[in-house]
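To start, the structure itself, in structure tokens.
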Amino acid sequence: MARRLRPVELDFVESAPLRLVFAAEVAAPPKVAYAALADDVAGWSSWFTGVSQAAATDGGRGREVRLTGGTRFTETVLAAEPDERYAYRVDTTNAPGLRALLEDWRLTPAGGGTRLRWTFAADGPAPLRLVMTLARPGLGRAFRKSVRALDRRLATTPTGET
């Protein structure tokens, strides 16, 4: 059953009790990388590890995401700044323990490519925060694998269009 989470805003990315930050680079320029994140939400299932289905909702102001294993999220996009930032908060989920969750993607030019920095900002009871902290290395590996898959996808897409 889906539960409603606390509706946090962008400042939560700095104040969350749990913040996991990961970074990696893709060869595509920020404009192309941003389009893959924000404009091609359905494409996430082809490159982001664990995402089995994703869809933009409400004219791009929201998202619905399903993970392999059955976890579901409905989300509100809080920042859609072309070539720079894409952030969303989870409004409802069937994942146990979460009180609030916001994910923030920052894009910065890196040579001819893009540096992607993903911040996973969450709140939940102490046991959940501990488990997430212990899961950090695995999440980091999944993030790096996903970014490599995104890099390959963008390299094989004509003119980087997703």
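- Residues Thr49 and Phe143 form no side-chain contact, since every pair of their non-hydrogen atoms from C-beta on lies 4.5 Å or further apart.
- Residues Val13 and Leu18 do not share a hydrophobic cluster, defined by chaining ILVMFWY side chains whose heavy atoms lie under 4.5 Å apart.
- The stretch residues 54-87 participates, sequence neighbours left out, in these ring pair (Phe, Tyr, Trp, His ring centres under 6.0 Å) pairs: Tyr86-Tyr88.
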Would Leu5 and Thr92 count as a side-chain contact (heavy atoms from CB on, under 4.5 Å) if you check the C-alpha gap in whole Å, the side-chain angles of each, and the deciding distance to 0.1 Å?
CA-CA 6 Å; Leu5 303 186; Thr92 62; over 6 Å; no

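- Considering all non-hydrogen atoms of both residues, Ala38 and Val41 come closest at O-CG2, 3.6 Å.
- Not a single side chain to side chain donor-acceptor pair (under 3.5 Å) links Thr68 to another residue, sequence neighbours left out.
- Glu9 is linked by a salt bridge (charged side-chain N to carboxylate O under 4.0 Å, His left out) to Arg89, counting only residues two or more places apart in sequence or in another chain.
- Evaluation of the side chain to side chain donor-acceptor pair (under 3.5 Å) rule for Ser45 yields no partner, not counting sequence neighbours.
- Residue Ala100 comes nearest to Val8 through the heavy atom pair CB-CG1, 3.7 Å, listed as atom of the first residue, atom of the second, then distance.
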Apply side-chain contact (heavy atoms from CB on, under 4.5 Å) to residues Leu98 and Val90 and explain how you reach the verdict.
CA-CA 10 Å; Leu98 283 171; Val90 173; 5.8 Å; no

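- Listed by chain and number, the residues in a salt bridge (charged side-chain N to carboxylate O under 4.0 Å, His left out) with Arg61 are Asp58 (sequence neighbours excluded).
- Following chains of ILVMFWY side-chain contacts shorter than 4.5 Å, one can reach Leu139 starting from Phe48, so the two form part of one hydrophobic cluster.
- Evaluation of the salt bridge (charged side-chain N to carboxylate O under 4.0 Å, His left out) rule for Asp11 yields no partner, not counting sequence neighbours.
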I would like to know whether Asp91 and Arg4 meet side-chain contact (heavy atoms from CB on, under 4.5 Å); could you show each step before the answer?
CA-CA 6 Å; Asp91 295 317; Arg4 182 156 295 280; 3.9 Å; yes

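- In this structure, Arg66 has no salt bridge (charged side-chain N to carboxylate O under 4.0 Å, His left out) partners at least two apart in sequence or on a different chain.
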List, one per line, each side-chain donor-acceptor pair under 3.5 Å for residues 115-130, sequence neighbours excluded.
from, atom 1, to, atom 2, distance (Å)
Trp118, NE1, Glu103, OE1, 2.9
Asp123, OD2, Arg6, NH1, 3.1
Arg129, NH1, Gly124, O, 2.6

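- In terms of heavy atoms, Leu20 sits closest to Met132 at CD1-O, 3.9 Å.
- We find the CG-CZ distance between Asp40 and Arg153 to be 5.0 Å, quoted to the nearest 0.5 Å.
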Please report the C-alpha distance between Leu107 and Asp83 in whole Å, then the side-chain angles of each, then the deciding distance to 0.1 Å, and finally whether the side-chain contact (heavy atoms from CB on, under 4.5 Å) criterion is met.
CA-CA 6 Å; Leu107 297 82; Asp83 312 346; over 6 Å; no

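- Heavy-atom neighbours of Arg141 CZ from other residues, nucleotides or ligands within 6.0 Å: at or below the threshold of 12.
- Not counting sequence neighbours, the partners of Asp104 by the side chain to side chain donor-acceptor pair (under 3.5 Å) test are Arg85, Arg106.
- Checked against side-chain contact (heavy atoms from CB on, under 4.5 Å), Ala149 has the following partners two or more places apart in sequence or in another chain: Trp47, Arg152.
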Just list the side-chain donor-acceptor pairs under 3.5 Å for residues 22-36, sequence neighbours left out, or say none.
none

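- Legend: salt bridge (Lys or Arg N to Asp or Glu O under 4.0 Å) pairs involving residues 71-81, not counting sequence neighbours, sorted by first then second residue: Arg63-Glu75.
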